[in-house]
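Accompanying notes for the structure given below.
Here is the naming used below: chain letters follow the sequence lines, and residue numbers restart at 1 for every chain. Quantities reported herein were computed from a predicted structural model and do not represent experimental measurements.
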Amino acid sequence: MSGYSAPHCGSLRASDEGRDVELYGWVARRRDMGGVIFIDLRDRWGKVQVVFNPAVAPAAHEAASDLRSEFVVRVAGSVRRRPSGSENPRLETGDIEVAASDLEVLSPSEPTPFPLEDSEEPDEKTRLEYRYLDLRRPRMTRMLELRNKVNRIIRDYMEEREFIEVETPILTRSSPSGARDFLVPSRLHPAEFYALPQAPQMLKQLLMVSGVQRYYQIARCFRDENLRADRQPEFTQLDVEMSFCNEEDVFALIEGLFAKLWQETAGVTLAAPFPRLDIKESFLRYGSDKPDLRYELEIADLGDALGNTKADIFRKVLAADGVVRALSVPHGRDMARRELDELVTVAKGAGGQGLAWLPGGPLDKFLSEQEIESIKRLTMAGPDDLVLIAADRRRKAETVMGLIRQEIARRRKLIREGEWKFLWINPTYLFDEDDQGKLTYAHHPFTRPFAEDMSFVEERPYDVRAHAYDIVCNGYELGGGSLRIYDPGMQERVFQLLGMPLDVIRARFGTLLQAFTYGVPPHGGIAPGIDRIVMMLGGTDNIRDVIAFPKTQSMSDLMLGAPSEVDQSQLDELNIKVVPPKKDRS
RNA sequence: GGUCCCGUGGUGUAGCCUGGCCAAACACGCGGCCCUGUCAAGGCCGAGAGCGCCGGUUCGAAUCCGGUCGGGACCGCCA
């Protein structure tokens, strides 16, 4: 058997006419005419029709009548042009067919638990349980191929620019990131644990100290946080770090890479350089740090218009340092009460208080004519438009309006499909507020601040800009990075501002800080998410579609049955004693 | 931690709101028979679920209620 060198079912063309071939593949479909039998034989490259004629090859025909879907077979025969008029334009191989002389069933198949076709998708639960079958579907095979192609283009591109791929450990130490770690117990060090990398952050910076200068890695990352449609507990990043660079170098590198990826996989020419948007402005205008710019629907701040309002709901929120934000829905004037209610549900689902609207709501009589005019002006609402208003603490109001903006665009079909709206979120700011209203780092503590902004860091810390950036496309964050601090004085200052005790700093960042005393090049980097890139290029909004063996929202692998309990002996060896989960305890 | 949606033959759906007409319908698939040019092949015949699970309400539950398990979307979370 030499199926390896055999021609592919899906690759045969009219030019192969007359060839004697041996084909290997799966039976996609059998059509038994009583006399002649047709099968569509499928392999990774596509399908081809095979004909079994009882008058020509009686034994093969006899065997073919026992064929069923998904049988694995070897077929010998000759490629011939189909009889005139029976070509199938829906098949790439539709001009020809293979006249079978011999058939061998290599492996039979039970009826599959769901049809292996693209037309109808079974429940995702079933697909995941039988993922090995799901991946046989052409759509999923295409996703695997696309992902491979993306990886290959990335490697070519990075190599051309003299980056080298360096592998970093999977068994590592808890890193200075904000996410929950996955831990791995150490047999040789009882009561101690490795952590899986959330990203190779510290290691790539250490590689800069090592003089690698241009590093990249297609790196698996692990974060034990809750899942979303675009988030898996393990995912893959193109991890990049380079020495002696500024932001423009990073932007140009990544814009070039995305341009190449889009060109070579989608045939799309991207308009570079990508526009840049200050993160505060992004939250204000779009209610998000990853805005979808394929539609307008800009959010307006009504603070100025309502400065002296008598409307209680707004007055109270503004007095409590909150904000009032609004969005004009084009031709929304006639929006059904039902749709309005659904939008309110969306707002509440995001933790908001709800929504107010103008006109037609109870608000009409609480606002002065002048206020209503100002609101119309700020939201640029025309006579047919409806203004939706959320009042809340800033962060909450932004989240709510951001979601409402998305929902309106989706419902009203305002999204210009086919467009690729790339942008950089830049600059961002060094600090953020944590739950208790305390200063915390917005990115990670090595993010380099704008040197000139440090002069007012004491008075207005939240206005200190950072050399950090996210790349965003069509509402997805495709990656983020920063220039790093390499000056020990600056680093100390930042730690001090964060109120981080020296022992914490030593424990978590000691290695890096020490390394920086031996000659560290100024450096910076970025880490685009490969899963999301493939999602975009593959036209799916589900990250599971671009991962061969993904996990469910509750982090289970339905095919393998992971996670699972383990033998007591394994636990003993690791010095681990399992405590029953809280629910089970009395 | 929270909000919302979903769970009916192998698959996809209908039925559920408004309980009885449902020992559950349709299509695909599956099994058998017929058929020598089909390609979503066609024709005829047939098998296959008691409605995720547990409990409750009711004369009566796929349908109403509570819980639970599983899947999904989102908020929090994810520098």
Q) If you check the K396(A) side chain, which of A73(B), C75(B), C77(B) turns out closest? A)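 Nucleotide nearest to K396(A)'s side chain: C75(B).
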
Q) Could K280(A) and Y429(A) be counted as a cation-pi pair, given that NZ or CZ must be under 6.0 Å from the ring centre and within 45° of the axis? A)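 Geometry flag: set, cation within 6.0 Å and 45°.
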
[X]: partners by ring-ring contact (aromatic ring centres under 6.0 Å, His included), with sequence neighbours left out:
X	result
H61(A)	none
W26(A)	none
F251(A)	W424(A), Y469(A)

For the [atom1] atoms, the ones on [N] and on [M], what distance do you get once it is rounded to whole angstrom?
N	M	atom1	answer
G15(B)	C6(B)	C1'	16 Å
C17(B)	C22(B)	P	16 Å
C53(B)	G9(B)	P	9 Å
C26(B)	U63(B)	P	22 Å
C51(B)	U8(B)	P	11 Å

Q. Side-chain N or O of Q553(A) less than 4.0 angstrom from OP1 or OP2 on A73(B)?
A.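 For A73(B), OP1/OP2 do have a side-chain N/O of Q553(A) under 4.0 Å.
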
**Q.** Distance below 4.0 Å between T345(A) side-chain N/O and U3(B) OP1 or OP2
**A.**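 No, because none of the side-chain N or O atoms of T345(A) sits under 4.0 Å from OP1 or OP2 of U3(B).
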
Give one of base, sugar-phosphate or nothing for [X], where a contact means two heavy atoms less than 4.0 Å apart.
X	result
T447(A)	nothing
L227(A)	nothing
R544(A)	sugar-phosphate
I37(A)	nothing

Any Lys/Arg nitrogen of [X] or [Y] sitting under 4.0 Å from an Asp/Glu carboxylate oxygen of the other?
X	Y	answer
E241(A)	K204(A)	yes
E407(A)	R411(A)	yes
R29(A)	D40(A)	no
D545(A)	R127(A)	yes
E121(A)	R139(A)	yes

Provide a list of protein-nucleic acid N or O atom pairs under 3.5 angstrom, restricted to nucleotides 8-14 of chain B.
{"from": "G10(B)", "atom 1": "O2'", "to": "P113(A)", "atom 2": "O", "distance (Å)": "2.5"}
{"from": "G12(B)", "atom 1": "OP1", "to": "D123(A)", "atom 2": "N", "distance (Å)": "2.5"}
{"from": "G12(B)", "atom 1": "O2'", "to": "E120(A)", "atom 2": "OE2", "distance (Å)": "2.2"}

Q: Could you point out which residue of R80(A), R81(A), R82(A) forms a salt bridge (Lys or Arg N to Asp or Glu O under 4.0 Å) with E17(A)?
A: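 Among R80(A), R81(A), R82(A), the one meeting salt bridge (Lys or Arg N to Asp or Glu O under 4.0 Å) with E17(A) is R81(A).
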
Gap between atoms [atom1] and [atom2], on [X] and [N] respectively (whole Å):
X	N	atom1	atom2	value
E70(A)	C30(B)	CD	C1'	14 Å
N542(A)	G72(B)	CG	P	9 Å
Q232(A)	C78(B)	CD	C1'	13 Å
L116(A)	C28(B)	CG	C1'	14 Å
D470(A)	C78(B)	CG	P	14 Å
R228(A)	C75(B)	CZ	C1'	7 Å
D181(A)	C77(B)	CG	P	18 Å
M555(A)	G70(B)	CE	P	14 Å

Q: Before giving the answer on ring pair (Phe, Tyr, Trp, His ring centres under 6.0 Å), spell out for F495(A) and F509(A) the whole-Å C-alpha distance, their side-chain angles and the decisive distance to 0.1 Å.
A: CA-CA 11 Å; F495(A) 282 140; F509(A) 316 117; 5.5 Å; yes

Q | Strand-adjacent residues in residues 474-486 of chain A, judged by heavy atoms under 4.0 Å from RNA chain B | A |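 Under 4.0 Å from RNA chain B: no residue of residues 474-486 of chain A.
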
Q. Base, backbone or nothing for each nucleotide of nucleotides 31-47 of chain B, written B, S, -, heavy atoms under 4.0 angstrom, 5' to 3'?
A. SS--BBBBBSB------

Q) Does the pair F450(A) and H467(A) meet the rule for a ring pair (Phe, Tyr, Trp, His ring centres under 6.0 Å), with working shown? A) CA-CA 6 Å; F450(A) 276 53; H467(A) 291 288; 4.2 Å; yes

(Q) Over 60° means perpendicular and under 30° means parallel, so tell me whether F516(A) and F446(A) are parallel, tilted or perpendicular. (A)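 Rings of F516(A) and F446(A): perpendicular, as their planes differ by over 60°.
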
Q) Between the base of C77(B) and the side chain of R231(A), is there any donor-acceptor pair under 3.5 Å? A)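 Yes.
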
Q) G71(B) base to R127(A) side chain: any donor-acceptor pair below 3.5 Å? A)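 When only heavy-atom distances are counted, R127(A) does not reach the base of G71(B) through any donor-acceptor pair under 3.5 Å.
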
